[in-house]
Amino acid sequence: MSVASLPEGDWIRGISIKQPWTAAILTGAKTIENRPRPWKPGWVLLHAGQQIDRPALRMPLVARTIRGRQLVTGAVVGIARITDCHQDPEGSPLCSPWAQTEAWHLELADVQALALPIPARGQLGPWRPTEDLLDQVLQQLPDFRP
């Protein structure tokens, strides 16, 4: 994709997520990501953080979803679009089996996995990818149109 065809301005951020949660998102099954604060809708690079949430590996929902998948860490592994951000009303059922109470729920759509993970440093909260990192991602997604 040429730079000329990209949207103007600040259109994409990175989101760092521990494994196995990132792998579950890449399967398409986990469409809710839990965060302590709200995020704006828009495109995000899916960055698998350096740490693995080991207790999560023993959760049946997670184990079934990620079975046989490699748990890459410290790399951008895909791209997704945040379509909405909400909290479930107190006392109501959770919007998804992946949702946590009292968390902000980022609704993810248009998830696309990269064929080759791209080593990168993430950080807490939304982060701005470098042009080089974004170029490497877009090389693997030639049909991507934000």
Side-chain angles (χ1 to χ4, degrees), residues 1-57 59 61-63 65-90 94-146:
M1 170 176 283
S2 72
V3 174
S5 62
L6 291 177
E8 290 292 322
D10 202 15
W11 65 276
I12 193 165
R13 288 283 189 245
I15 184 170
S16 296
I17 305 167
K18 290 180 183 179
Q19 288 287 24
W21 307 110
T22 315
I25 290 168
L26 291 176
T27 70
K30 184 178 189 287
T31 59
I32 294 293
E33 171 58 17
N34 300 287
R35 291 289 146 154
R37 291 180 176 65
W39 283 48
K40 293 179 183 176
W43 288 98
V44 288
L45 299 181
L46 297 173
H47 176 264
Q50 293 287 347
Q51 298 178 354
I52 295 177
D53 183 351
R54 299 251 177 238
L57 295 172
M59 298 172 68
L61 178 62
V62 173
T65 303
I66 66 162
R67 178 180 291 147
R69 290 195 172 251
Q70 184 179 5
L71 298 181
V72 173
T73 59
V76 172
V77 294
I79 190 167
R81 188 168 53 92
I82 299 171
T83 58
D84 193 23
C85 180
H86 70 273
Q87 283 186 309
D88 292 329
E90 190 173 329
L94 292 174
C95 64
S96 162
W98 300 97
Q100 296 172 352
T101 57
E102 299 181 18
W104 285 91
H105 303 156
L106 309 183
E107 295 179 23
L108 303 175
D110 304 319
V111 175
Q112 298 178 58
L114 299 180
L116 300 170
I118 302 168
R121 295 187 65 169
Q123 64 185 50
L124 294 176
W127 50 273
R128 187 179 309 205
T130 64
E131 276 190 47
D132 181 55
L133 177 57
L134 189 53
D135 286 345
Q136 290 180 62
V137 169
L138 295 176
Q139 285 176 359
Q140 293 189 48
L141 301 171
D143 297 327
F144 173 73
R145 300 289 179 265

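This one's a predicted model, so the numbers in the text were calculated from it and none came from an experiment. Worth knowing before you read on, the calculation uses all heavy atoms, side chains too, and leaves out hydrogens, waters and symmetry mates. Residue indices begin at 1 and follow the sequence shown.
To the nearest 0.5 Å, the span separating SG on Cys85 from CD on Glu107 amounts to 8.5 Å. The distance from atom CG of Asp110 to atom CH2 of Trp43, rounded to the nearest 0.5 Å, is 4.5 Å. One finds the CG atom of Leu71 at 8.5 Å from the OG1 atom of Thr73 (value rounded to the nearest 0.5 Å). Rounding to the nearest 0.5 Å places CG of Leu106 at 4.5 Å from CD1 of Ile82. Distance CG/Leu57 to CD/Gln19: 9.0 Å, rounded to 0.5 Å. Expressed to the nearest 0.5 Å, how far OG1 of Thr65 lies from CG of Leu26 amounts to 12.0 Å.
Listed by chain and residue number, Ile32, Asn34, Asp88, Leu94, Cys95, Ser96, His105 satisfy the side-chain contact (heavy atoms from CB on, under 4.5 Å) test with Ala99 (two or more places apart in sequence, or in another chain).
Heavy atoms only, all atoms of each residue included: Pro119 and Pro117 are closest at CD-O, 3.6 Å. Residues Trp21 and Ala56 approach most closely at CZ2-CB, 3.3 Å, considering heavy atoms. Listed here is the closest heavy atom pair of Pro129 and Gly14: CD-N, 4.2 Å. When all heavy atoms of Leu141 and Ala113 are compared, the pair lying nearest together is CD2-O, 4.2 Å. Shortest non-hydrogen contact noted between Pro20 and Ile66 is CB-CD1, 3.5 Å.
Put simply, the residue from Asp132, Thr130, Leu138 that forms a side chain to side chain contact (heavy atoms under 4.5 Å, CB included) with Leu134 is Leu138.
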Go through the steps for Val137 and Val76 under the test side chain to side chain contact (heavy atoms under 4.5 Å, CB included), then give the verdict.
CA-CA 8 Å; Val137 169; Val76 172; 3.9 Å; yes
Give the C-alpha distance, both sets of side-chain angles, the deciding distance and a yes or no for side chain to side chain contact (heavy atoms under 4.5 Å, CB included) between Val111 and Ile25.
CA-CA 8 Å; Val111 175; Ile25 290 168; 4.1 Å; yes
Before giving the answer on side chain to side chain contact (heavy atoms under 4.5 Å, CB included), spell out for Arg13 and Trp127 the whole-Å C-alpha distance, their side-chain angles and the decisive distance to 0.1 Å.
CA-CA 5 Å; Arg13 288 283 189 245; Trp127 50 273; 5.8 Å; no
Working for side chain to side chain contact (heavy atoms under 4.5 Å, CB included), residues His47 and Ile15
CA-CA 6 Å; His47 176 264; Ile15 184 170; over 6 Å; no
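Counting only distance, with no hydrogens or angles, the side chain of Gln140 and the backbone of Leu114 share no donor-acceptor pair below 3.5 Å.
With a 4.5 Å cut-off on side-chain heavy atoms, Ile12 and Val44 do not count as touching. Between Val72 and Thr22 there is no side-chain heavy-atom pair separated by less than 4.5 Å. Counting heavy atoms from C-beta outward, Leu61 and Pro97 have side chains that approach closer than 4.5 Å. Side-chain contact check for Trp104 versus Pro36: every heavy-atom pair is 4.5 Å or farther apart. Side-chain contact between Ile118 and Leu133 is present, with heavy atoms from C-beta onward closer than 4.5 Å.
Pairs passing the salt bridge (Lys or Arg N to Asp or Glu O under 4.0 Å) check and including a residue from residues 26-51, sequence neighbours excluded, read Lys30-Glu33, Glu33-Arg35.
For the residue pair Trp98 / Thr31, no side-chain donor-acceptor distance below 3.5 Å is found, with atom types taken as modelled. In this structure, a donor-acceptor pair under 3.5 Å is absent between the side chains of Gln139 and Asp135.
In this structure, Gln51 places its CD atom where only 12 or fewer heavy-atom neighbours from other residues, nucleotides or ligands lie under 6.0 Å away.
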